[in-house]
Amino acid sequence: MTTTSVIQWGLWVLLLWPQHLAGSTPLDCRDDQGNLSRCTSIPQEKLLDRVIHHAELIYRVSEELSSLFEELFIPFPFRLQSNQAAYSCITKALPIPSSKSEVQQISDKWLLHSVLMLIQSWTEPLVYLQMTMERYDHAPDMLLNKTKWVSEKLSSLEQGVVVLIKKMLDEDTLATGYSEQGVVQNEVEPEVLESVLRDYTQLSCFKKDAHKMETFLKLLKCRQTDKYNCA
């Protein structure tokens, strides 16, 4: 793709960017004291809808972010290698079901806690990813802004899921123990291409996990309304 094509594609995404947020309902649960009181008064069904909508936006923007990064920095031959085992996803070791049949069998409780584990596992890696991208030469503001937006909205999504767990399960959140499995920050700077491919893989992995979050939450919603016909 030529530089002109990349710029045109980027402008098209930029024009669509405000439309993603136009119908978005804020999910900022923390009050001035840091408590989650702003969401506790929201009815459970409405809160679940807001959480789902938030997850949908995060997944959509993660797709755009991954595509934009690919067009700007990844030579075509390396795009075919993005799923190779050498770059395994950081959430691979989490006890989260992957097949459709496994997902259908887990409880509502485990659906919610699976979403929470995924969120907490990506909190630190996304902050680190944002820092590494800021060191790129000629990284467009749109790329940096999208990365920052996803990182911030993931934190808001975590707040909403925590309140949902308290409302739906009548319990406090479980300590996942996975939030510190973030990206290992090496003291020695890796080669430029290796660093770029690592970031590209991180974005691809996050996009997959964001889709899982959205899918799990929508399945949970379906079970609330039509328990026996959720595919």
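Just so you know, these numbers come straight off a predicted model, no measurement behind them.
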Verify side-chain contact (heavy atoms from CB on, under 4.5 Å) between Met213 and Leu154, making sure each step is shown before the conclusion.
-> CA-CA 11 Å; Met213 297 176 208; Leu154 193 68; 4.2 Å; yes

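- The number of heavy-atom neighbours closer than 6.0 Å to CD of Glu45, taken from other residues, nucleotides and ligands shown, is 12 or below.
- Leu47 and Gly160 get closest at one heavy-atom pair: CD2-O, 4.2 Å.
- Thr132 and Leu129 get closest at one heavy-atom pair: OG1-O, 2.8 Å.
- Checking side-chain atoms of Lys167 against main-chain N and O of Thr40 turns up a donor-acceptor pair under 3.5 Å.
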Evaluate the side-chain contact (heavy atoms from CB on, under 4.5 Å) criterion for residues Gln159 and Cys39: first the C-alpha distance (whole Å), next the side-chain angles of each, then the deciding distance (0.1 Å), finally the verdict.
-> CA-CA 9 Å; Gln159 296 170 21; Cys39 289; 6.0 Å; no

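- Checking side-chain atoms of Thr225 against main-chain N and O of Cys222 turns up a donor-acceptor pair under 3.5 Å.
- For the atom pair CG (Leu57) and NZ (Lys153), the distance works out to 8.5 Å, reported to the nearest 0.5 Å.
- The aromatic rings of His211 and Tyr59 lie tilted to each other, with the angle between the two planes from 30° to 60°.
- Between Val196 and Tyr136, the closest side-chain pair of non-hydrogen atoms falls below 4.5 Å.
- Of all the heavy atoms in Trp110 and Pro97, the pair that sits closest is NE1-CD, 4.2 Å.
- Checking side-chain atoms of Gln104 against main-chain N and O of Lys100 turns up no donor-acceptor pair under 3.5 Å.
- The CG atom of Leu126 sits 10.5 Å away from the CD atom of Glu124 when rounded to the nearest 0.5 Å.
- We find that Glu214 and Lys218 are joined by a salt bridge, their nearest charged nitrogen and carboxylate oxygen being less than 4.0 Å apart.
- Under the 4.5 Å side-chain criterion, counting only non-hydrogen atoms from C-beta, Phe73 is not in contact with His138.
- You'll find the side chain of Met168 stays beyond 4.5 Å of the side chain of Leu111, heavy atoms only.
- Between Phe69 and Tyr200, the ring-plane angle classifies as parallel under the 30° and 60° cut-offs.
- Residue Gln120 holds its CD atom at 13.5 Å from OG1 of Thr91, rounded to the nearest 0.5 Å.
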Take Phe216 and His113 through the test side-chain contact (heavy atoms from CB on, under 4.5 Å) and record every step on the way to the result.
-> CA-CA 10 Å; Phe216 289 178; His113 283 298; over 6 Å; no

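- The shortest distance between side-chain heavy atoms of Lys208 and Lys212 does not fall below 4.5 Å.
- Using a 4.5 Å heavy-atom threshold, the side chains of Phe206 and Val150 count as touching.
- Taking CD1 of Ile90 as the reference point, atom SG of Cys205 lies at 7.5 Å (rounded to 0.5 Å).
- Using a 4.5 Å cut-off on side-chain heavy atoms (C-beta onward), Asp108 and Leu112 make no contact.
- Taking CG from Leu219 and CD1 from Ile52, the interatomic distance works out to 10.0 Å, rounded to the nearest 0.5 Å.
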Begin with the C-alpha distance, continue with both residues' side-chain angles, and end with the deciding distance and a verdict on side-chain contact (heavy atoms from CB on, under 4.5 Å) for Ser151 and Thr147.
-> CA-CA 6 Å; Ser151 181; Thr147 308; 5.8 Å; no

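- The hydrophobic clustering, which links ILVMFWY residues whose side-chain heavy atoms are closer than 4.5 Å, places Leu118 and Leu48 together.
- A donor-acceptor pair is defined here as one N or O able to donate and one able to accept, closer than 3.5 Å; no such pair exists between the side chain of Ser66 and the backbone of Ser62.
- The closest side-chain heavy-atom distance from Leu144 to Gln130 is not below 4.5 Å.
- Within the 4.5 Å cutoff, no side-chain heavy atoms of Ser99 are placed close to those of Val103.
- Ala139 and Met133 get closest at one heavy-atom pair: CB-O, 3.8 Å.
- Counting heavy-atom neighbours within 6.0 Å of Lys221 NZ, excluding the residue itself, gives a total above 12.
- Residues Glu152 and Ser155 bring no donor and acceptor atom of their side chains to less than 3.5 Å of each other.
- With rounding to the nearest 0.5 angstrom, the CD atom of Gln44 is 7.0 Å from the CG atom of Leu164.
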